[in-house]
Amino acid sequence: MRREAMRHRLTEEFFARHSTVVAPDLIGKLLVVGECSGRITEVEAYSGADDAASHAYRGRSSRNDVMFGPAGHIYVYFTYGMHFCANVVTDTVGVANAVLLRAIEPIDGIEQMVNRRGRSDNLTNGPGKLCQALGLDRSDNGASLLSGEIGIYDDSWPDRSAGRAIVVSPRIGITRAVDFPWRWQLAAERNERNERRRPGGSRTP
DNA sequence: CAATCGATGATCT
DNA sequence: GATCATCGATTGG
């Protein structure tokens, strides 16, 4: 059975909902960028109008312009003078909703990810890291997820996310609207060392 | 293990 | 001039 046969690319309808609805739905989906792919394991929702932490909170600008556009496109921004972060634009035109991709589990193209990252561990467990591993940068800002080489897929096999819980918590790395519980992540697998620091997490089987 | 800090440049005040 | 949806090295317990 060919793997491609099990994949179904997400359409505009999937993305055309509020970011807080799309975000948990993205957990477990397959992010594909060229020959690389990975399963989405951590996301955060941002909602321009009501969310002081959103880049779009204070209105439209050249930087956040893509977020005001149609759903199903990618908003890539440059931050801290050296990192890129990637978001999925959701909701409708004029409403600046987006979902920040914070972590994936690498599946395909791992060798290329290792080359781009310059190391073989912690390839994609952070928003800046996954962009570097996948080669996403400002040239990808505004690209469509609905066709072309960047896309998100439903992938029923082999799905290592099946049966794992989804954990909800406040967003991290922000200083405003810090209490919004708008971060969703896949619970870690046993022995998985791919997640961020969590309390009491040193076990030796 | 956790907490702190420097890098580095675009964007906003 | 300050801030920043971060990362990785370093420092300290």
Side-chain angles (χ1 to χ4, degrees), chain A residues 15 18-20 22-24 26-27 31 38 40-69 71 73-91 95-106 113-143 145 167-185 188 191-205:
Chain A
F15 299 108
H18 196 270
S19 57
T20 56
V22 174
L26 280 172
I27 297 294
L31 174 65
I40 297 171
T41 57
E42 181 181 350
V43 297
E44 285 176 358
Y46 288 85
S47 176
D50 346 289
D51 178 8
S54 169
H55 290 168
Y57 184 59
R58 297 181 186 279
R60 196 165 187 161
S61 70
S62 58
R63 181 204 205 188
N64 63 31
D65 190 61
V66 170
M67 274 197 284
F68 287 84
H73 290 243
I74 183 168
Y75 163 52
V76 180
Y77 67 90
F78 182 66
T79 192
Y80 289 105
M82 60 184 79
H83 301 294
F84 293 98
C85 295
N87 295 249
V88 173
V89 176
T90 76
D91 217 298
V95 177
N97 277 15
V99 176
L100 173 67
L101 301 173
R102 289 197 60 89
I104 65 175
E105 291 175 354
M113 297 189 204
V114 169
N115 288 338
R116 289 186 178 125
R117 290 275 295 130
R119 55 193 297 165
S120 54
D121 62 338
N122 295 321
L123 292 176
T124 56
N125 58 339
K129 299 180 211 179
L130 77 85
C131 280
Q132 186 182 23
L134 297 174
L136 296 173
D137 59 29
R138 31 178 135 252
S139 71
D140 299 297
N141 188 37
L145 294 165
V167 181
V168 188
S169 60
R171 298 173 294 183
I172 61 179
I174 57 175
T175 59
R176 293 173 290 188
V178 295
D179 292 329
F180 289 16
W182 284 2
R183 177 189 187 209
W184 290 265
Q185 49 189 150
N191 297 332
E192 183 171 357
R193 187 122 359 221
N194 224 16
E195 282 294 330
R196 260 184 195 267
R197 48 202 155 110
R198 42 212 268 99
S202 96
R203 230 145 296 187
T204 330

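By convention in this document, chain letters (A, B, ...) are assigned in the order of the sequence lines, proteins followed by strands, and residues within each chain are numbered from 1. Keep in mind that this is a model prediction, so the values were computed, not measured.
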Tell me the interatomic distance from [X], atom [atom1], to [N], atom [atom2], rounded to whole angstroms.
| X | N | atom1 | atom2 | value |
| --- | --- | --- | --- | --- |
| Leu100(A) | dT6(C) | CG | C1' | 11 Å |
| Arg63(A) | dT3(C) | CZ | P | 15 Å |
| Met82(A) | dC5(B) | CE | C1' | 12 Å |
| Asp137(A) | dT8(B) | CG | P | 19 Å |
| His83(A) | dC4(C) | NE2 | P | 16 Å |
| Leu101(A) | dT6(C) | CG | C1' | 15 Å |
| Asn97(A) | dA5(C) | CG | P | 17 Å |
| Gln185(A) | dA5(C) | CD | P | 19 Å |

### Phosphate OP1/OP2 of dT11(B): any Arg58(A) side-chain N/O under 4.0 Å
no
### Query
Would you say His55(A) reaches dA5(C)'s phosphate, i.e. side-chain N/O to OP1/OP2 under 4.0 Å?
yes
### Summary
Heavy-atom nearest nucleotide on DNA chain C taken for Gly128(A) and for Thr79(A); more 5' hit belongs to Thr79(A)
### Query
Between Ala56(A) and Arg119(A), which is nearer to the 5' end of DNA chain C once each is assigned its nearest nucleotide?
Ala56(A)
Just compare [options] and give me whichever is closest to any side-chain atom of [X].
| X | options | result |
| --- | --- | --- |
| Ser61(A) | dA5(C), dC12(B), dC4(C) | dC12(B) |
| Pro127(A) | dG8(C), dT6(C), dA10(B) | dT6(C) |
| Asn87(A) | dT8(B), dA5(C), dC12(B) | dA5(C) |

### Query
Taking side chain as C-beta onward, heavy atoms only, is Asp65(A) less than 4.5 Å from Arg60(A)?
yes
#### Entry: Close side-chain approach of Leu134(A) and Ile104(A), heavy atoms under 4.5 Å
yes
## Note on the structure
Rounded to the nearest 0.5 Å, the OG1 atom of Thr124(A) sits from the CG atom of Leu101(A) at a distance of 11.0 Å
#### Entry: From CZ (Phe180(A)) to OG (Ser47(A)), nearest 0.5 Å
8.5 Å
### Task
For Phe78(A) and dA10(B), say yes or no: do the ring centres fall under 5.5 Å of each other while the ring planes differ by less than 30°?
no
### Message
If you count heavy atoms of other groups shown closer than 6.0 angstrom to CZ of Arg119(A), is the number above 12?
### Response
yes
### Message
If a pair means Watson-Crick or G-U wobble with both distances below 3.5 Å, what does DNA chain B look like in dot-bracket form, with | marking bases paired to a different strand?
### Response
|||||||.||||.
### Task
Name the nucleic acid region contacted by Ser62(A), choosing base, sugar-phosphate or nothing; use a 4.0 angstrom heavy-atom cut-off, strictly under.
nothing
### Query
Under 4.0 angstrom, heavy atoms only, what part of the nucleic acid is Arg171(A) near: base, sugar-phosphate, or nothing?
nothing
## Note on the structure
In short, Asn122(A) meets Arg117(A) closest at the heavy-atom pair O-NH2, 2.9 Å
### Message
Can a donor-acceptor pair be found, under 3.5 Å and without considering hydrogens, that links the side chain of Asn64(A) to the backbone of Gly59(A)?
### Response
yes
### Message
Classify the ring geometry of Phe78(A) against Phe84(A): parallel below 30°, tilted from 30° to 60°, perpendicular beyond 60°.
### Response
tilted
